[in-house]
Structure formats: structure tokens, C-alpha cells
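Only one structure is covered here, and it is reproduced in the block below.
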Number of protein chains: 2
Amino acid sequence: MTDEEEFLAGYDPSRYPAVAVTVDVVALTIRDGVPHVLLVERGRPPFQGLWALPGGFVKVGAEDLDTAAARELAEETGLETPGRVHLEQLATYGDPGRDPRMPVVSVAYLAFGPTMADPQAGSDASDAAWVPVPSLGLTASGAQPPGATRRLAFDHARILSDGLERARGKLEYTPLATAFLPEVFTIPELRAVYECVWGEALHAGNFHRKVLSVPGFVEGTGQTTASGGRRGGPRARLYRSGDARLLHPALLRPGTEDGVR
Amino acid sequence: MTDEEEFLAGYDPSRYPAVAVTVDVVALTIRDGVPHVLLVERGRPPFQGLWALPGGFVKVGAEDLDTAAARELAEETGLETPGRVHLEQLATYGDPGRDPRMPVVSVAYLAFGPTMADPQAGSDASDAAWVPVPSLGLTASGAQPPGATRRLAFDHARILSDGLERARGKLEYTPLATAFLPEVFTIPELRAVYECVWGEALHAGNFHRKVLSVPGFVEGTGQTTASGGRRGGPRARLYRSGDARLLHPALLRPGTEDGVR
DNA sequence: GGAATAGTGTCTGTAAGACATTATTAG
DNA sequence: CTAATAATGTCTTACAGACACTATTCC
């Protein structure tokens with residue numbers, strides 16, 4: 001089939017059924033030391049009553065994908081994207097039958113943001129909430145066990161799983177952990193982000209020295225916290241994010257076993 | 001707008017014009033120590049006479065994206081994807097106006113393969129060829145200077161640029177450099193792949209020791225080449241790809257300046 | 001023989017991890 | 001005071017890069 005024939009066929013729904021393009025956003029934040037993902041409860045079929053990533057249809061030709069993703073994120077959280085949030089394209093999903101209604105290609109995005117207020121339910125969702133990721137009981141392959149309290153719609157368990165893995169990797173070689181924190185933060189708070197996303201404890205002393213040794217990761221403000229920690233300890237110095245886009249040398253996860261075969 | 005309204009609107013071309021989904025493949029190989037990309041010369045408008053990445057429309061709902069990309073690659077090269085070729089999703093492009101005919105979202109894929117025969121021109125292309133990447137004169141931002149001998153159609157200069165940058169990064173922490181080589185290869189041949197993709201000379205002795213020290217990168221065959229190098233030197237030992245999926249520790253590029261600000 | 005190349009040995013600076021230590025704060 | 005914690009110091013091991021060196025092959 002030639003290019004032009006295929007082009008014309010695109011207008012013939014009997015040969016190529018209507019295709020929809022959506023964006024879905026894996027928006028992550030941290031509350032009480034636990035990673036949370038923004039989910040909406042579906043108010044109508046298909047998958048009524050199940051939870052889904054916030055997303056929507058893209059007006060292809062009228063807006064670009066990044067803009068559509070930023071719009072979806074702002075609608076649910078009020079977060080403006082040229083701000084402290086990080087938003088990047090994650091991957092695109094187009095398996096047959098992933099939406100029972102029609103063929104849908106979904107461009108997934110990944111967002112990191114600081115702790116923020118609970119979202120408002122939109123008109124098409126019966127509820128919206130920041131949901132603790134561990135409560136979803138995701139397996140490494142992106143499947144969800146039958147006993148989970150909140151079931152995810154479509155292939156969103158897989159998308160979320162991919163987003164979490166991308167997030168774990170991003171913290172290794174970019175300073176994006178700071179996107180989870182307010183503008184000013186302490187090194188122990190930054191360490192808590194790493195421990196929460198990676199799911200393992202880090203050595204406080206070595207982490208501290210390492211962060212300060214990477215050029216451009218953080219810059220000091222000369223200030224300290226107003227008081228010490230909850231259970232004692234001195235006041236911590238306050239930092240803000242530096243100007244580095246990449247961490248050199250990187251902060252590698254200790255858990256990664258040699259040679260993932 | 002509710003979910004259902006948007007869903008129905010997807011069937012109304014006056015509100016949401018027909019959308020096409022395509023896959024485009026950045027297929028890379030190495031010839032004579034120079035990276036080459038597979039391109040097809042467009043035989044009809046738009047961009048007639050310009051060169052484009054091989055690609056085509058996806059039958060969303062009837063095939064998944066990976067399968068569609070593998071099909072496009074096989075059509076041009078005869079390479080079967082569950083084989084020695086590496087194929088992975090790169091990114092998705094959907095800027096308004098990127099195709100002058102209609103709104104098109106393109107899912108780009110990245111492929112690495114060993115040196116192979118010249119492709120045959122398809123019915124919709126006046127020519128197809130492995131084109132040396134340096135001859136395209138790409139800039140870092142993915143633009144093409146006006147004087148280039150072969151101009152790229154659509155936003156394919158940008159896609160190719162993104163693919164090359166991904167390829168450079170992939171060589172650092174995966175053993176995918178071996179995908180550019182035949183099943184059996186020497187360490188100096190492997191080094192040539194790195195030097196070609198990264199565009200800088202590597203220290204032969206250190207590279208040799210490093211490759212052998214990474215578990216699972218390569219495994220020896222016990223054989224050597226039949227003769228020495230073109231300009232002298234001993235016979236090199238032959239290796240095949242090992243079972244590692246990730247390199248630990250990674251082979252970092254020397255050129256990367258600290259803290260890309 | 002001369003030049004180029006495969007592969008190994010050696011040394012040095014840097015960085016990561018384990019552990020110890022000091023100072024400061026809450027309760 | 002006691003416990004917890006921020007921040008720094010010390011030591012050991014691993015690794016990257018620079019350089020030297022040997023052995024082998026082509027011309």
C-alpha cells in the first residue's frame with residue numbers, strides 16, 4: 001500500500017476505525033515518607049468504580065503533547081508546569097483492546113511535584129485523590145494482585161509501574177529529587193526522598209557528604225531550620241536546588257545487583 | 001467536557017479532525033567506522049525528493065506499536081526483530097503542523113543492527129539507503145543547516161537527533177554496542193563501535209581491561225581472528241555477547257563535562 | 001627490519017562504603 | 001540527663017585514566 005493510499009484510508013473509518021490519542025499522567029509526590037500517585041475514580045463505564053491515571057483526549061493538530069499533559073496535570077492539581085513541577089514524556093501505549101470502547105493510543109507522562117492539597121473530583125470522576133503507591137500492591141511486572149483495595153483501570157497498573165521505575169532511575173543521575181520538595185529543604189529531607197522512592201535506607205553520613213560533593217546539585221542558603229528534629233538533634237542547614245541538570249558523578253542505588261541478567 | 005462527550009466527539013471530524021498514528025524507525029548501523037541511518041527518499045509530496053525515516057501508519061486496535069515498528073524495519077531491511085537487532089521505543093511526536101496533510105502522532109522507535117546490505121526502494125519511495133549520519137550535518141538541537149546535501153522531511157531531523165543522543169547514552173549502561181556487530185567480534189571492533197557512536201577516541205588498553213572486567217558483557221569463544229590487523233599486529237581473540245542486560249559498573253563517556261548546566 | 005596493533009602490568013587520583021566522632025537539640 | 005540527629009573525619013577498597021611494556025603480525 002502506498003503512502004497516499006494509506007493517507008486516504010485514514011479517512012475511511014470502515015478500513016481504519018477512528019483512533020483516539022490521549023495523554024495520561026503519572027503524577028508522583030511524597031506524603032509522610034510514602035510515594036503517592038494522583039488517581040481519579042471512574043464515574044462511568046468502562047471500569048466504573050475503578051481508579052485511573054488522570055488524562056484526557058488530545059486535540060492533535062491544535063496542541064502539542066507536552067501542552068496537553070501539562071493541561072491535564074493542572075486541571076487536577078492546579079500545578080503550573082513551568083514551575084517547580086517536573087514533567088516529562090514517559091512512553092506510549094497502544095496495545096489492541098487496551099480500551100474496550102475504541103482503538104486508543106495513550107502517550108504517558110511522568111510528573112514529580114511537592115506535597116500539595118487534595119485534588120477536587122472532576123465532572124467525569126466520582127473522586128480524585130493522592131493514593132499511597134504501596135496500597136496498590138503493584139508487582140514488578142506491572143500487574144496488580146486480585147486482593148488490592150483499589151483496582152486500576154485499563155493498563156494503568158503497567159503504566160504506573162513503568163513510571164515508578166523511570167523515577168527510580170532518574171534520581172540516580174539527575175537532581176530531580178528536589179522536585180518533590182519545597183523550594184528550600186534540608187539534606188535529611190532530600191535523603192528521605194531517595195529512601196522513599198528507592199525503598200531502602202541510605203547511610204546518613206555518606207549521603208550528606210556525597211550530595212555536597214556533586215557540583216551544582218544543591219546550593220546553601222546560609223539559613224537553618226527554626227528548630228531541631230522531632231526527636232532531637234541540631235538544626236539542619238537549608239539548601240535550594242542548584243543549577244546542575246545532570247549529576248556527575250551519579251548517585252547510584254546500592255540495591256542494584258551486579259549484572260541484571 | 002466529560003469523558004463520554006469527548007469519546008463521542010472523537011467520531012465527529014468537524015470537532016476533532018481525523019488523526020493518524022504512525023511509527024517511524026531510527027535504524028542505525030555502522031559502516032566503515034561511521035554511523036549510518038536508514039532513510040527513504042520521498043517519491044511524492046509532501047516533501048517530495050527529501051529523505052525521511054522509514055515508517056508507516058499503525059493499525060491501532062489490530063496490532064501493537066512494537067509489532068508495527070518491527071514490521072516497518074523488516075520491510076526495509078529484511079531484519080527480523082527477535083534476532084540480533086535491538087528495537088526499542090524512543091519517543092512520541094505530535095506537534096501541530098508536523099505533517100501538512102493532517103494531524104499525525106508519530107511513535108518513534110530506535111533500532112541497532114549489524115552492517116547489512118543496501119535496502120530496496122519501496123513502492124512509495126524513489127530510493128532507500130543507509131546514509132552516513134555526518135553527511136546530514138545535524139546540530140545538537142536537531143536542526144539541519146541550509147547547506148546539507150540531503151534534507152530531512154517532517155521533523156525527522158529532530159527525531160534522528162533524539163535517537164542518536166539516546167544511542168550514546170545506551171552504550172554507557174547497556175551491552176547494546178554488540179548489536180552493531182556480528183555474532184562474534186573482537187574487543188577492538190567493540191571499541192570501534194563506541195568510538196564511532198561517541199565520536200571520540202578511547203584508550204585501547206584501558207577499554208580492553210574494562211570490558212573484560214564487567215561481568216556478563218562479553219564471553220570468550222576460545223578462538224582468534226584468522227589473521228592480524230590490516231597494518232600489522234597480533235591476532236585478536238574472538239568474543240560473543242554475554243548475558244548481562246545492564247553494565248555494572250557502567251562504561252561512562254569521558255567527554256561528558258561535569259554538571260551539564 | 002620497521003610500524004602498527006593486541007593484550008597486560010603498574011601507578012595515581014578519585015570516589016564509594018563502613019564506621020567513628022563531635023556537636024546540638026527535644027523531651 | 002538521655003536519646004536522637006546533623007555534620008564531619010578516617011580508613012579501606014574499587015575503579016578510571018595515564019603510561020609503560022611485551023608479543024605478534026603485516027608490509
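We use all heavy atoms of the structure for the numbers below, so side chains are in, but hydrogens, waters and symmetry mates are not.
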>> So, using ring pair (Phe, Tyr, Trp, His ring centres under 6.0 Å) as the criterion, who are the partners of A:His208 when residues are at least two apart?
In response: none
> Does a nitrogen or oxygen in the side chain of B:His208 sit under 4.0 Å from OP1 or OP2 of C:dG7?
Replying inline: yes
> With A:Asp118, which residues qualify under side chain to side chain donor-acceptor pair (under 3.5 Å), at least two apart?
Replying inline: A:Arg31
>> So, using side chain to side chain contact (heavy atoms under 4.5 Å, CB included) as the criterion, who are the partners of A:Arg240 when residues are at least two apart?
In response: A:Glu183, A:Val184, A:Glu219, A:Thr221
>> Run the ring pair (Phe, Tyr, Trp, His ring centres under 6.0 Å) test against B:Phe207 and tell me which residues pass, sequence neighbours left out.
In response: B:Tyr194
>> Between P on D:dA14 and NZ on B:Lys210, what's the gap in Å once rounded to a whole number?
In response: 14 Å
>> At a heavy-atom distance below 4.0 Å, what parts of residues 179-195 of chain A sit against DNA chain D?
In response: A:Pro188, A:Arg191
> With a 3.5 Å cut-off and no angle check, do the side chains of A:Tyr93 and A:Asp24 form a donor-acceptor pair?
Replying inline: no
> How long is the line joining CG of A:Leu212 and C1' of D:dG9, in whole Å?
Replying inline: 14 Å
>> If the condition is side chain to side chain donor-acceptor pair (under 3.5 Å), which residues does A:His36 pass it with, not counting sequence neighbours?
In response: none
>> Going by the rule side chain to side chain contact (heavy atoms under 4.5 Å, CB included), which residues pair with B:Ala27 if we only count those two or more places apart in sequence or in a different chain?
In response: B:Val25, B:Leu38, B:Leu73, B:Ala111, B:Trp130
> Quick one: A:His248 NE2 to C:dT14 P, roughly how many Å, whole number?
Replying inline: 17 Å
> What string of B, S and - do you get for nucleotides 17-27 of chain D, 5' to 3', when a contact is any protein heavy atom under 4.0 Å?
Replying inline: BBB----BBSS
>> List the residues meeting salt bridge (charged side-chain N to carboxylate O under 4.0 Å, His left out) with A:Arg166, not counting sequence neighbours, and say none if there are none.
In response: A:Glu88
> From the list C:dA15, C:dG7, D:dC15, which nucleotide is the closest neighbour of the side chain of B:Pro249?
Replying inline: D:dC15
>> Rounded to whole Å, how long is the line connecting atom CZ of A:Arg237 with atom P of D:dA6?
In response: 12 Å
